[in-house]
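Each remark here refers to the structure printed beneath this line.
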Number of protein chains: 2
Amino acid sequence: MRTEDHDSSLSRSGGDLDARKAAILEAIVTGYIGTAQPVGSSHVASATGIQVSPATVRSEMVALERDGYLIQPHTSAGRIPTDKGYRFFVDHLASPGRLGPQQAKQVSSFFTQVQGGLEEVLESTSSLLSDLTSYAAVVVGPSHEQAPVRSVQVVGLAPRRGLVVAVLADGAVENRHVEFPFDVDDDVLAQATAHLQATVSGATISALPTVPPINVPATDDVCRLAAEALTEAGKLSDHEAVFVGGPSRLASAFDAIETVRGVLSILEQQLVVVSLLRDVLERGLSVAIGSEHGYEPLASCAVVVAPVEVNGRQSGAVGILGPTRMNYPEAMAAAEVVGRQLSERIGAEQGNQELNEHG
Amino acid sequence: MRTEDHDSSLSRSGGDLDARKAAILEAIVTGYIGTAQPVGSSHVASATGIQVSPATVRSEMVALERDGYLIQPHTSAGRIPTDKGYRFFVDHLASPGRLGPQQAKQVSSFFTQVQGGLEEVLESTSSLLSDLTSYAAVVVGPSHEQAPVRSVQVVGLAPRRGLVVAVLADGAVENRHVEFPFDVDDDVLAQATAHLQATVSGATISALPTVPPINVPATDDVCRLAAEALTEAGKLSDHEAVFVGGPSRLASAFDAIETVRGVLSILEQQLVVVSLLRDVLERGLSVAIGSEHGYEPLASCAVVVAPVEVNGRQSGAVGILGPTRMNYPEAMAAAEVVGRQLSERIGAEQGNQELNEHG
DNA sequence: GTTGGCACTCGGTAGACTCGAGTGCTGAGG
DNA sequence: CCTCAGCACTCGAGTCTACCGAGTGCCAAC
């Protein structure tokens with residue numbers, strides 16, 4: 001109680017800690033990350049480089065606790081870091097973090113070997129990231145809102161049923177069923193396809209131009225219906241593809257089964273996951289710890305995020321979701337490397353043709 | 001020990017139990033499903049319709065235990081059903097099981113409202129099934145191996161890069177990137193598209209005919225590459241689409257966190273899930289309990305499966321995965337209804353055009 | 001075959017106790 | 001003023017004991 005009364009601003013110098021306090025905090029964070037046990041003063045005294053006695057460490061620890069970097073689970077236990085403590089660690093203490101040689105090899109061999117469409121790549125990337133870190137991983141694919149339409153085709157499936165297929169410049173394929181109010185033969189479909197193709201090519205799927213009639217009733221109807229279907233598909237596709245890898249690893253990360261339950265159920269809501277990552281990135285962060293992101297069920301989780309950028313434009317993200325006591329340097333390194341490699345990979349598929357597109 | 005020595009065939013009449021034993025077993029199964037607590041003789045005596053004393057129930061219970069329907073977690077606890085006990089319950093005791101009016105309404109309103117492509121429908125169906133039952137749900141989509149190709153198109157994305165898009169008669173769209181060793185212009189693409197279309201239409205994607213050359217070098221090369229890519233895509237697509245709904249619900253179903261972990265990690269392996277459902281269906285079962293399916297990590301799970309059939313041909317499945325002490329009647333009813341509705345839904349999209357296809 | 005009576009078993013809970021890790025404080029020494 | 005050894009203290013975790021009660025198996029009587 002007594003300690004709570006003091007405002008933490010008393011002994012802070014703008015959020016920075018002196019070297020020894022920082023070293024102590026670092027020892028506590030790394031110790032707690034490693035053992036999941038509260039860290040005591042004697043352990044800190046022996047683990048940190050500074051040669052001081054446990055008693056001195058203790059007096060520093062009360063200061064760190066007063067300033068909100070540490071808490072004691074109960075009197076006479078060691079300290080564990082608060083979210084603020086982790087934050088300081090991530091911002092000022094964590095060494096840049098490199099992948100181990102084995103992990104680096106795993107990443108590079110993955111990206112040289114992976115094949116298949118965009119979806120497959122994203123999906124297996126999420127598994128890769130989860131394998132690398134032993135935490136759950138999230139990969140959000142690029143939104144197709146901005147990609148211009150490259151080709152449109154209306155395929156007949158039944159006399160009164162068709163499928164509109166649009167290929168976007170980023171290689172994505174959108175498709176949607178259409179129901180015709182009358183029988184449509186192949187000639188009409190071909191004509192409609194040609195007309196649509198001419199009109200719509202180059203526009204983005206979220207802002208399609210209206211298709212001018214060519215005064216052939218059947219064809220015009222088909223074109224109208226197909227355009228409507230495409231618009232519809234475009235609306236749906238602004239919800240980006242989300243892939244979650246290794247959620248089962250979260251089961252081992254927490255001991256309270258209710259926590260696991262809550263976190264998993266968040267991960268099932270793809271929209272929430274997307275906006276979580278987006279929020280974090282928009283705030284210019286690469287890590288969000290505990291309460292920093294606004295999702296209460298994830299209060300005991302930390303998220304490490306890295307953007308996926310194609311042609312300098314952000315178009316997706318990779319993320320790692322683990323307990324707040326996660327291995328931040330490793331996770332940040334993994335997210336950064338995988339995010340970059342994935343950017344290159346997607347860029348290789350799209351980048352060049354974008355230049356041609358407008359050339 | 002003593003009881004183990006007897007072969008259970010001693011007092012069985014072909015696996016059937018007399019009416020009273022059956023009633024007792026039923027009371028124990030339903031009791032255990034409801035409370036997760038071992039069920040004692042007095043509870044059975046009061047819960048079952050038969051008017052007998054707990055002592056009589058007890059003597060019946062030792063017989064049931066000797067025959068392998070029940071076990072005692074420890075001396076002087078109540079009994080809980082074995083897998084065999086659940087099996088008998090499912091086969092002979094469970095009343096057919098109807099959905100509650102509210103659930104039935106939920107299902108029908110879902111199927112009238114759901115829209116979007118096949119994938120979206122399957123995905124949200126898995127959520128529906130999970131919501132209905134409070135267990136995890138699995139939906140396996142139809143394989144496209146048998147669907148004939150309806151349309152093929154080669155779209156250029158970059159001078160040396162293209163996308164082969166094939167529309168199958170069941171409305172599925174397969175696509176794959178192709179890399180050309182030389183620049184390809186639109187005329188070549190159009191010619192290749194036309195030639196491919198003529199050759200490949202009507203064949204199944206898993207057994208494409210070879211494309212005869214037309215003696216235009218560039219076009220032939222493009223055709224060959226595109227056909228290869230399609231074959232590749234066909235190989236990949238025999239792994240059907242799998243959607244898992246509500247895995248987080250499993251966290252509440254078991255108390256051992258290790259069990260949760262194991263089950264979740266099985267659910268992440270889509271291939272395993274598919275073959276699990278397939279195995280169960282192939283053995284003509286709708287329920288697999290505990291050790292009946294061969295997957296040890298799922299030993300404490302039961303699976304309820306219902307087929308998805310289009311035109312009388314099985315083309316997918318829905319499943320419910322819960323603890324062995326799950327509510328079988330409800331789960332079976334839910335799986336059955338959802339499976340049937342999903343069949344109709346998919347059939348409505350495909351059935352008619354199949355007739356036209358070969359007509 | 002059924003049943004009430006009865007001794008018995010054993011898991012679960014609660015209390016008492018110990019152990020030890022870790023603390024906060026104090027006073028001496030730099 | 002900082003450091004640190006010494007020390008009393010706190011409190012969680014583990015162990016042991018006793019006890020309760022649900023539930024059993026057995027048996028003698030109906």
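Numbered from 1 within each chain, the chains take letters A, B, ... in sequence-line order.
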Quick one: closest heavy-atom pair of B:Val280 and B:Ala288, and the distance? CG2-CB, 3.7 Å
Listing, residues 37-53 of chain B side-chain donor-acceptor contacts under 3.5 Å, not counting sequence neighbours, or none:
unit_1: B:Ser41; atom_1: OG; unit_2: B:Arg58; atom_2: NH1; d: 3.2
unit_1: B:Ser46; atom_1: OG; unit_2: B:Ser42; atom_2: O; d: 3.4
unit_1: B:Ser46; atom_1: OG; unit_2: B:His43; atom_2: O; d: 3.0
unit_1: B:Ser53; atom_1: OG; unit_2: B:Ala55; atom_2: N; d: 3.3
unit_1: B:Ser53; atom_1: OG; unit_2: B:Thr56; atom_2: N; d: 3.4
unit_1: B:Ser53; atom_1: OG; unit_2: B:Thr56; atom_2: OG1; d: 3.3

Please state how far atom CG in B:Leu70 lies from atom C1' in D:dT24, giving the value in whole angstrom units. 14 Å
Mind calculating the distance between CD1 (A:Ile80) and C1' (C:dT23) to the nearest angstrom? 16 Å
side-chain hydrogen bond (donor to acceptor under 3.5 Å, both in side chains) with B:Arg249: which residues, sequence neighbours excluded? B:Ser130, B:Asp131
Length of the line joining B:Gln37:CD and D:dT24:P, which is rounded to integer Å: 14 Å
From OH of A:Tyr32 across to P of C:dA21 the rounded distance in Å is 19 Å
For A:Leu64 and C:dG24, what is the distance between atoms CG and P respectively, to the nearest whole Å? 12 Å
Treating primed atoms plus P, OP1 and OP2 as sugar-phosphate and everything else as base, which nucleotides of nucleotides 5-23 of chain D get B, S or - for protein heavy atoms under 4.0 Å? BB---BSS----------B
Between B:Glu60 and B:Arg20 (side chain of the first, backbone of the second, donor and acceptor by atom type, cut-off under 3.5 Å), is there such a pair? no
Five-pair end axes of the helix from C:dG1-D:dC30 to C:dG30-D:dC1, angle between them (10°): 20°
Please give, in whole Å, the distance from D:dT24 P to B:Ile28 CD1? 9 Å
Using ring-ring contact (aromatic ring centres under 6.0 Å, His included) as the criterion, list what pairs up with B:Phe89, not counting sequence neighbours. none
Ignoring hydrogens and geometry, is there a side-chain-to-backbone donor-acceptor pair from B:Tyr86 to B:Tyr328 under 3.5 Å? no
From CZ of B:Arg66 across to P of D:dG25 the rounded distance in Å is 12 Å
With sequence neighbours left out, the residues meeting side-chain hydrogen bond (donor to acceptor under 3.5 Å, both in side chains) with B:Glu65 are B:Arg79
Please find the pair of heavy atoms, one from B:Thr133 and one from B:Ala334, that lie closest to each other, and give the distance. CG2-CB, 3.7 Å
